[in-house]
2 protein chains.
Amino acid sequence: MHEDNNILSERKKLILKAIIDAHIENGEPVGSKFLMQTKQIAYSSATIRNEMAELEDMGYLEQPHTSAGRIPSEMGYRFYVNSLVDRYNLTQNEIAELKQMLKVKQVEVDTILQSAMQLASRLTNYTAMALKPRQMRILVDRYELMRLDECTLVLIMVIGQTIKTKHIRSQIPVTQEAGIRLAVVLNEKATGKTAEEFTMPLLMEMEAMMGEYEFLVAPVMKGICETITSFDGGEIRFDGINRLLSYPEYYDMERLKELLALFERKDDLLRILSEETGVNMSADEKVQIYIGRENLVKIMDNSTLIFKTIRHQGIPVGAIGIIGPTRMDYKRVIAMVDSLTKGVSNILAEGDITPGLPDGNK
Amino acid sequence: MHEDNNILSERKKLILKAIIDAHIENGEPVGSKFLMQTKQIAYSSATIRNEMAELEDMGYLEQPHTSAGRIPSEMGYRFYVNSLVDRYNLTQNEIAELKQMLKVKQVEVDTILQSAMQLASRLTNYTAMALKPRQMRILVDRYELMRLDECTLVLIMVIGQTIKTKHIRSQIPVTQEAGIRLAVVLNEKATGKTAEEFTMPLLMEMEAMMGEYEFLVAPVMKGICETITSFDGGEIRFDGINRLLSYPEYYDMERLKELLALFERKDDLLRILSEETGVNMSADEKVQIYIGRENLVKIMDNSTLIFKTIRHQGIPVGAIGIIGPTRMDYKRVIAMVDSLTKGVSNILAEGDITPGLPDGNK
DNA sequence: AATTAGCACTGTAATCATGTGAGTGCTAAT
DNA sequence: ATTAGCACTCACATGATTACAGTGCTAATT
């Protein structure tokens, strides 16, 4: 009221910050007396009370009930996070463990992501999330064919740096030569195309080129389509869900159930997350923070999501995130997510082995 | 006391069964009066009480506290399950959905397993588990090499019906010819061998054979080792963990936390489970049931685990299981697991597609 | 001898009354 | 502008009282 509408006086900032710090520590509403005593605020409790009342009016604080202390509102947290300048620095131990863990020879992006996620969860004691983005517009750069036995060929697709394989089974025995010819045709006609560009005319043209082996074209193209459309549907994983249960804010069974259900609806989640972060992925290398209602998913609206995408050679190859109560140790988590993603990027760059690797198990 | 030690009189059986049925339905301790009225037992409550007292002495029932009804002990459940003859039959709806769901073009064992698991969880409303066994003794049948660019080769390994790929990066540019030569050497020397058989002498021999390209041998062999040791480390997945929260027996936060933690220690879990079921996998095609303390993991000792392995051409390719409170709808779950695994086996057999194949026909 | 009716007994859970204490808002004093 | 002081509010803990479901046992009944 004496202050400008949006500008907080230094004293208000001090008090607000102290309140949030305190609340992050113990999770309980904090009162004026406590602040004065424990947090060394050089004013009397009455003064602090007045300030608190104003901060509440301004929307930075909330009061669970009349005779309780104040807790930060989402807006309060947002202010706090935005004003975080003195970022937490990881301890030597943490750094060491991080390096150690990530160093253990791991080459596939998937695996690295996974262990980074586990590490993140362990070190922060919140739930961690690893997201592998849905890859759009898959173009096959090159095809190879390998004859596995009489009737089955293995189609090998080179997509950027990653390799996908697919078995093709034919009723009729297939010669070595057919495979070679098919590879030639594929490389000539089917490279650099999206699934939509596989048109009927193209198919027929290819069949013509295959001569007596034309019967191979249809199943092969089908296989290709399946592969490139399902390719890297994106993945999302969680680790340390149980850790959330350490925090009283997740003690509500109903809520908890919903949250768990959410975590299991990976597809939906992935879609929502990708859509939203699709924008931000291209943004820049900052750690992103969603507090409470800012979250994309309503169920998470009293949680905070902190994450950052990982790029390799400019393209996003994944993201690591942390989910926890809005009352979260922001400094630590932000620092952690930041270092972790940087660490992963480094490893990727260093080994300079690119994403993907074998598509894995069949 | 009038009865033979281990043989239950018909009346006792009747009562025990009724008690368990009732308890499964509503989860609460059941009393004598309730049995008489609701479950149509043709004796007075007093008689039933006497029988119940004896059943408790014999270990089939337990009493939470003096003035409560009885609940079945693990031994009680075991008796119940063993005596289940009239197995539940799935409803038409359930069968339909099951078929529908499994039919949707899915070819890889992984994917099928996964959707079977999800289905299982949905239909039973318990937590479902899918387990892919750790594959022992991986032998590479054949190697191919593909030149991706100047400095990187892709090593293609054929292991049975499945294909694995691995990028090999060299500092020095590699010619097409080097790749071909390497493939020859590998196929000659490194097929059908376990990682332990890759000895130093063998390595040196191969290097000799490679002549000027000997520098490739070490990294490639390393790559192979990595692949075949990490290959199919086995996997375990869960679905519908949140469903457990519907049951009051999981309302204890501490316990719940432990359980969730357990579910996330997939490696340990997999090991324990594989060891134990390794025995049983070779056993036979029965649904297996672990009640309470019988469980391999102490934390699960008031839950029941019901599962069955899935084979294809004789070898176990996975398992589907259900985890729930000991008070579980055994009939339904057993039937469900049974049908589901059978369904999956059929699909596998039918396509007769070995793991990881596109479906050969339309 | 087996069954049942009847009753005293027991332990849980729900309800209510009460007291306690932390924390506030406001007014008056500094 | 700050602070001391005080009345007020509300959640929470405590304890007492009651209601109730279910048992075990004894005595009556078949």
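Not measured: the values here are computed from a predicted model. Every chain is numbered from 1, with letters handed out A, B, ... down the list of sequences.
Counting to the nearest Å, the C1' atom of C:dT4 and the CG atom of B:N50 are 10 Å from each other. Nucleotide D:dT2 holds its P atom 15 Å from the CE atom of A:M36, rounded to whole Å. Across the protein-nucleic acid pair, B:M52 atom CE and D:dC25 atom C1' stand 16 Å apart, rounded to whole Å. The separation between A:R11 atom CZ and D:dT3 atom C1' is 11 Å, rounded to whole Å. Spacing between atom CD1 of A:I71 and atom P of C:dG23 amounts to 14 Å, rounded to whole angstrom units. Rounded to whole Å, the distance from CD on A:E62 to P on C:dT24 is 15 Å. If you measure from atom CD1 of A:I19 to atom C1' of C:dT24, you get 13 Å, rounded to the nearest angstrom. Across the protein-nucleic acid pair, B:L55 atom CG and D:dG24 atom P stand 12 Å apart, rounded to whole Å.
Ion pair A:E25/A:R327 not flagged as a salt bridge, since none of the NZ, NE, NH1 or NH2 atoms sits closer than 4.0 Å to an Asp/Glu carboxylate oxygen. Salt-bridge annotation for A:R271 and A:D268: present, with a side-chain N of the basic residue lying under 4.0 Å from a carboxylate O of the acidic one. Salt bridge A:R70/A:E62: absent, no basic N to carboxylate O contact under 4.0 Å. By the 4.0 Å N-to-carboxylate-O rule, A:K39 lies too far from A:D21 to be salt-bridged with it. At a threshold of 4.0 Å, the pair B:K13-B:E10 counts as salt-bridged, since one of the basic side-chain nitrogens sits closer than that to a carboxylate oxygen.
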Taking only N/O atoms, report every protein-nucleotides 5-9 of chain C pair under 3.5 Å with atom names and distance.
{"from": "C:dG6", "atom 1": "O6", "to": "B:R49", "atom 2": "NH2", "distance (Å)": "3.1"}

Write out a two-atom table: protein N or O, nucleotide N or O from nucleotides 8-12 of chain D, distance below 3.5 Å.
{"from": "D:dC10", "atom 1": "O2", "to": "A:S67", "atom 2": "OG", "distance (Å)": "3.0"}

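Other residues, nucleotides and ligands place more than 12 heavy atoms under 6.0 Å from the CZ atom of A:R255.
Among the atoms of the strands shown, only primed sugar atoms or phosphate atoms (P, OP1, OP2) are found under 4.0 Å from some heavy atom of A:Y43.
Side-chain proximity of A:T47 to the nucleotides D:dG24, C:dG25, D:dT3 is greatest for D:dT3.
For the OP1/OP2 pair of D:dG24 and a distance below 4.0 Å, the side-chain nitrogens and oxygens of B:R70 include at least one atom meeting the criterion.
When Watson-Crick and G-U wobble pairs are counted only if both distances are under 3.5 Å, C:dA28 pairs with D:dT3.
Checking side-chain atoms of A:E264 against main-chain N and O of B:I241 turns up a donor-acceptor pair under 3.5 Å. With B:S246 contributing its side chain and B:R243 its backbone, the two residues share a donor-acceptor pair below 3.5 Å. Checking side-chain atoms of B:T47 against main-chain N and O of B:Y43 turns up no donor-acceptor pair under 3.5 Å.
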